[in-house]
Amino acid sequence: MLQENYEIIVVGAGHAGAEAALASARLGMKTLLVTMDIDRIAQMSCNPAIGGLGKGHLVRELDALGGEMARAIDATGIHFKMLGRSRGPAIHGPRAQADRLAYQTYMKKVVETTQNLLLRQDRIEGLLVKDDKVVGLRCLSGAEYHAPVVILTTGTFLNGMIHLGLKNYSGGRASEPGPGECSRSLKDLGFVISRLKTGTPPRINAQTIDFSVCEAQEPDEVIQPFSYQTKEITQKQLNCYITHTNAKTHEIIKAGLDESPLYSSGGELRNSIGPRYCPAIEDKIVRFPDKDRHQIFLEPEGWSTQEVYCNGISSSLPPHIQKAYVHSIRGLENADIMRFGYAVEYDFVPPTQVFPSLETKRVEGLFLAGQINGTTGYEEAAVQGLMAGINGARKIQGKAPIVLTRDQAYIGVLIDDLVTRGTNEPYRMFTSRAEYRLILRQDNADIRLMELGYEIGLISSDQNNSLLEKKRKVGELTKLLEKKKHLNTPLVKILRRPEMDWAGLCEIDPDLKVWNTDPEVTEQVHIEVKYEGYIGRQAAQIEKFKKQEKKLLPLDLDYYKIPSLKRETQEKLTAHRPLSVGQASRIPGVTPSDISVLLIYLSGKYPAIA
């Protein structure tokens, strides 16, 4: 039997697994990345797109910490768009369609050429655990791989089941099997396992679409890259298009519901929970009967393919119904379907069983990242993978884990939401989830996080020096605007006027145009000056938040010995094991009065905490 030893093993080479393995290897760990198909590294199983509102913030933060996703989309993006421009800067979110195959090829090459990282095609059958510590895993090939840290990033493959009409079969993606007995292994170790579902729409041949009757969506003329290392996007850009469902479409879908796994009496997905914000088209028709149409984005999948992704009509209806409703849509009357949509149901580990470091509470050295924690989306998976890879490496190095807080990053919001509040539906990041979003903007992710990335060891000296120079220039320009005046009014006050922007200020004082060679600097100064009052108030809120986060709770604290706590609260705190008073206050069902009782108890037993 083959036996090999590593420092870190990553299971699964999707977006979470690729980032975890790259981070681990780049931090010097001897890393093994095990995947069922090495030709599908970082495959975009659903929409070939990166970013969006909230999601784009995550990718920019990942880049500032040293992850790879931003560079990958910059190199392979075919339609870049900054979303939310009509609103304030906190809502702006970069998004880009990718060439699906080019993105996958890019990531495969990076993984294959990274030092300290070995890629192995195999299928995990179970975990090896001794004395509540992970020691490795066994695979279908019969091989055993040993390591003190294992990171599971199984995506939708954990006991996955594909549904197409009333037919179903095992798999995490169309034509791909699930990862053996891994789910059973987790159950045997005492983990609570639950089920979620997601879906994908039909893909159609662009040559059979009448784009002339669809609304064209052009990419941005001036493209902002995702990565702070990318200077310019030069590759050819493609249009996307919009069309809509109609009354005929809706009638076809309603008539076919008895063949839907979501709605038929024998349908196996009737009680499964899917993504709230991108439901199947049959869900939309049933839940919103008053809507006479639903928007569909026709998104190309690459430069060298005719395949078009129909964003907005995900479905698990059988093929003959999918064909009928697609042909009822304006512009798609003669469309050839290349791949039918389907739903996938899969196991996940409710994430309250995981520490903020993403290490599991039950098994030391076992980390979980991505959809196994209940999230949906490439971006949410990638940032978890990055943090799991970083913290797995730091565990080997004997260093404290890196835990980003809610005031530091959207990544911190994401992980805190998962491990503190849990989720019973696929979790998706939105700007509305971040209470400090005016400070956590996509434009300042480098200022917030890149020095930390440098300290961790994933950001180079050159990148860090560029950041320090940018911060110096921001400070210099801010002081200049405070000093210079126009008609006895400081320029900083003029810029703060609602009707004024940077271009207008340059017309008032043409000497400022010399700064236009540094648009990132002028953007930062413009935003910080314009929203100074709001930012100041949010900074004050953050200071209050930090005080609660600094009050750390002993992991062995017996909440049942706090007599004034309600039994329900005792049970919740015991189950969640919060690391701080602040985290305890965010557990669903824990009230402000519970926190007061906890603080009073701590003041007597642990005065240094209270």
Inspect the contact between [Y] and [X] and indicate whether a charged nitrogen and a carboxylate oxygen are less than 4.0 angstrom apart.
X      : Y      : value
Arg95  : Glu299 : yes
Asp417 : Arg406 : yes
Arg71  : Glu68  : yes

For a quick test of reading the model, state the closest non-hydrogen atom pair linking [X] to [Y] and the distance between them.
X      : Y      : answer
Ala388 : Leu358 : N-CD1, 4.0 Å
Gly93  : Leu53  : N-CD2, 3.9 Å
Ile337 : Pro202 : CG2-CB, 4.1 Å
Ala96  : Ile73  : CB-CG1, 3.8 Å
Ile193 : Ser183 : CG2-OG, 4.2 Å
Arg85  : Asp220 : NH2-OD2, 3.7 Å

Sequence neighbours left out, cut at 3.5 Å: what donor-acceptor pairs do the side chains of residues 318-326 make with other protein atoms?
residue: His320; atom: NE2; partner: Glu259; partner atom: OE2; Å: 3.3
residue: Gln322; atom: OE1; partner: Gly341; partner atom: N; Å: 2.8
residue: Gln322; atom: NE2; partner: Leu317; partner atom: O; Å: 2.7
residue: Gln322; atom: NE2; partner: Gly341; partner atom: O; Å: 3.0
residue: Tyr325; atom: OH; partner: Ile313; partner atom: O; Å: 3.2

Checklist entry - Can you tell me if CZ on Arg293 sees more than 12 non-hydrogen neighbours from other groups inside 6.0 Å? => result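 Atom CZ in Arg293 is not packed in, count stays at 12 or less.
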Checklist entry - For Arg330, does the CZ atom have more than 12 heavy-atom neighbours from other residues, nucleotides or ligands under 6.0 Å away? => result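 Open: at most 12 neighbouring heavy atoms sit under 6.0 Å from CZ of Arg330.
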Is the backbone of [Y] close enough, under 3.5 Å, to the side chain of [X] for a donor and an acceptor to pair up by distance?
X      : Y      : result
Glu379 : Gly51  : yes
Arg437 : Ala434 : yes
Lys81  : Glu218 : yes
Gln237 : Gly77  : yes
Lys572 : Pro588 : yes
Arg120 : Leu33  : no
Tyr228 : Ala445 : yes
Asp122 : Ser141 : yes
Gln121 : Ile38  : yes
Gln384 : Ala16  : no

Of all residues at least two apart in sequence or in a different chain, which pass the side chain to side chain donor-acceptor pair (under 3.5 Å) check with [X]?
X      : answer
Asn444 : Arg448
Glu359 : Lys395
Thr198 : none

Do you see a donor-acceptor pair shorter than 3.5 Å between the side chains of [X] and [Y]?
X      : Y      : answer
Asp74  : Thr230 : yes
Asn373 : Thr375 : no
Ser227 : Asp63  : yes
Asn246 : Thr249 : yes
Gln583 : Thr420 : yes
Thr245 : His250 : yes
Thr208 : Asp336 : no

Next on the checklist: With side chain to side chain contact (heavy atoms under 4.5 Å, CB included) as the criterion, how do Arg184 and Asn159 come out once you've worked through the C-alpha distance, each side chain's angles and the decisive distance to 0.1 Å?
Outcome noted: CA-CA 9 Å; Arg184 183 184 298 276; Asn159 199 23; over 6 Å; no
Between [atom1] of [X] and [atom2] of [Y], what distance do you get to the nearest 0.5 Å?
X      : Y      : atom1 : atom2 : result
Gln371 : Thr156 : CD    : OG1   : 5.5 Å
Thr431 : Leu83  : OG1   : CG    : 11.0 Å
Leu332 : Phe211 : CG    : CZ    : 8.5 Å

Answer whether the closest heavy-atom distance between the side chains of [X] and [Y] falls below 4.5 Å.
X      : Y      : answer
Gln235 : Trp303 : yes
Val354 : Leu418 : no
Pro219 : Asn239 : yes
Leu58  : Ile411 : yes
Ile527 : His92  : no
Tyr263 : Lys254 : no
Leu298 : Thr243 : yes
Cys240 : Phe297 : no

Checklist entry - For His79, which residues count as a ring pair (Phe, Tyr, Trp, His ring centres under 6.0 Å) partner, sequence neighbours excluded? => result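 Result, ring pair (Phe, Tyr, Trp, His ring centres under 6.0 Å) vs His79: none returned.
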Checklist entry - Considering the options Glu282, Glu345, His163, which one meets the side chain to side chain donor-acceptor pair (under 3.5 Å) requirement together with Ser316? => result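 The option that passes is Glu282.
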Item to check | Residue among His57, Glu61, Gln224 satisfying side chain to side chain donor-acceptor pair (under 3.5 Å) with Gln442 | outcome: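 It is Gln224; the other options fail the test.
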Item to check | Pairs flagged by salt bridge (charged side-chain N to carboxylate O under 4.0 Å, His left out) wherever residues 307-316 is involved - sequence neighbours left out | outcome: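 Sorted result for residues 307-316: Glu307-Arg339.
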Next on the checklist: Applying side chain to side chain contact (heavy atoms under 4.5 Å, CB included) to Val111 and Leu22, what does each step give before you reach the verdict?
Outcome noted: CA-CA 7 Å; Val111 167; Leu22 290 171; 4.3 Å; yes
Checklist entry - Given Leu127, which of Leu189, Val11, Val363 fulfils the side-chain contact (heavy atoms from CB on, under 4.5 Å) condition? => result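 When side-chain contact (heavy atoms from CB on, under 4.5 Å) is applied between Leu127 and each of Leu189, Val11, Val363, only Leu189 qualifies.
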Item to check | Arg433 to Tyr427 six-membered ring, cation-pi geometry met (6.0 Å, 45°) | outcome: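 Pair Arg433/Tyr427 counts as cation-pi.
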Checklist entry - Are Glu301 and Ile78 close enough, and set up right, to give a side chain to side chain contact (heavy atoms under 4.5 Å, CB included), and what steps lead you there? => result CA-CA 9 Å; Glu301 296 214 345; Ile78 60 177; over 6 Å; no
Item to check | Stepwise side chain to side chain contact (heavy atoms under 4.5 Å, CB included) test for Leu404 and Leu65 | outcome: CA-CA 11 Å; Leu404 299 174; Leu65 289 169; 4.0 Å; yes
